[in-house]
Amino acid sequence: MLNLVLFGPPGAGKGTQSAKLINRFSLVHLSTGDIFRANIKGETELGVLAKSFIDKGQLVPDEVTINMLSEEVKKSPEAKGFIFDGFPRTQAQAAALDSLLTNMGTTISLMLALEVEEEELKKRLLLRGKDSGRADDQDPQIIQKRIEVYQNETFPVKDYYMAQAKYKGVNGIGEVNEIFEHLCTEIESVNK
Ligand code: ADP
């Protein structure tokens, strides 16, 4: 299997690149943010709970997120591989993902990190907020909070994959296709 973690701060371009990568490599895309938003739209119990955290720019608690992700993985037993987008966001989630994949007889192949500086992120998120209607992208204070949460809780997840020699950083500024080709080059170097 080819299992990728697409990593990076809010607004780095994970969703955009995931959509292209799943086509090129025939992978199943699991975006925890997308799954939460679908639940919010469907007014499920999970959605109501997730919304109370997302609206404040906080992370949804690990236990809830990990259980949800595990269920989603189980829905695709025939998958050739997965792109995890927006997961893991904490060290506990990274450890849980490892044991989930180990139980399936597989592992993470690579963490690809999109590197974009803070000022650019804020611009992109506010722009996305206008087009998408996402409430968490419209309020500069919520955006600031998400960037802080990223720095404090999510950024250290990088070390987890670095220690396993699975981390690759890619410049996330430039043309979408150019960034995509850089990502593909990194993937092809581990997927021989
Ligand atoms: P972005 O990367 O732009 O912040 P996402 O769509 O990935 O957007 O996530 C939106 C929100 O959903 C996050 O701010 C967070 O509240 C919640 N969320 C998504 N993934 C996770 C996760 N793995 N753990 C906890 N909360 C999450």
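Remember, it's 1-based here, ligands and their atoms both numbered in the order they're listed.
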Problem set entry | Check: P9 N/O within less than 3.5 Å of ligand 1 N/O | no
For this session: Report the member of K145, R37, K14, R128 with the shortest heavy-atom distance to atom 3 (O) of ligand 1.
Result: R128
For this session: Could you check which of R146, K51, R89 puts a non-hydrogen atom nearest to atom 9 (O) of ligand 1?
Result: R89
Exercise. Rounded to the nearest 0.5 Å, how far does NZ of K75 lie from CG of L30?
Worked result: 9.5 Å
For this session: Measure the distance from atom 27 (C) of ligand 1 to every protein heavy atom, then report the residue, atom name and distance (to 0.1 Å) of the closest one.
Result: F36 CE1, 3.7 Å
Seminar exercise, completed: closest protein heavy atom to atom 16 (O) of ligand 1 is Q58 O, 2.6 Å
Exercise. Under a 4.5 Å cut-off applied to non-hydrogen side-chain atoms, are Q151 and E118 in contact?
Worked result: yes
Exercise. Near Q93, which atoms of ligand 1 are under 4.0 Å from a heavy atom of that residue?
Worked result: 22 (C), 23 (N), 24 (N), 25 (C)
Exercise. Out of curiosity, is F53 lining ligand 1, as in a heavy atom under 4.0 Å away?
Worked result: no
Seminar exercise, completed: Separation between OG1 (T44) and NZ (K51), nearest 0.5 Å, reads 12.5 Å
Problem set entry | Neighbour count >12 (heavy atoms, 6.0 Å) for atom OH, Y167 | yes
Exercise. Can you say whether the rings of F7 and Y150 are parallel (under 30°), tilted (30 to 60°) or perpendicular (over 60°)?
Worked result: tilted
For this session: Using a strict 4.0 Å cut-off to heavy atoms of P10, name the atoms of ligand 1 that fall inside it.
Result: 1 (P), 2 (O), 3 (O), 4 (O)
Exercise. Tell me, which pairs form a salt bridge (Lys or Arg N to Asp or Glu O under 4.0 Å) where one or both residues lie in residues 90-106, sequence neighbours left out?
Worked result: none
Problem set entry | side-chain hydrogen bond (donor to acceptor under 3.5 Å, both in side chains) against K166, all qualifying residues, sequence neighbours excluded | T107, Q164
Exercise. Under 3.5 Å between some N or O of ligand 1 and some N or O of T32?
Worked result: yes
Seminar exercise, completed: dist F84:CZ -> Q93:CD (nearest 0.5 Å) comes out at 12.0 Å
For this session: Take D34 and R37, measure what salt bridge (Lys or Arg N to Asp or Glu O under 4.0 Å) needs, and give me the verdict at the end.
Result: CA-CA 5 Å; D34 286 353; R37 280 186 290 277; 2.9 Å; yes
Seminar exercise, completed: The closest protein heavy-atom partner of atom 17 (C) of ligand 1 is I54 CG1, 3.8 Å
For this session: Output the list of atoms in ligand 1 that are nearer than 4.0 Å to some heavy atom of T65, sorted by atom number.
Result: 22 (C), 23 (N), 24 (N), 25 (C)
Seminar exercise, completed: re atom 8 (O) of ligand 1, the protein heavy-atom contact at minimum distance is R134 NH2, 3.1 Å
Seminar exercise, completed: Looking only at protein heavy atoms, what sits closest to atom 26 (N) of ligand 1 is V60 N, 3.0 Å
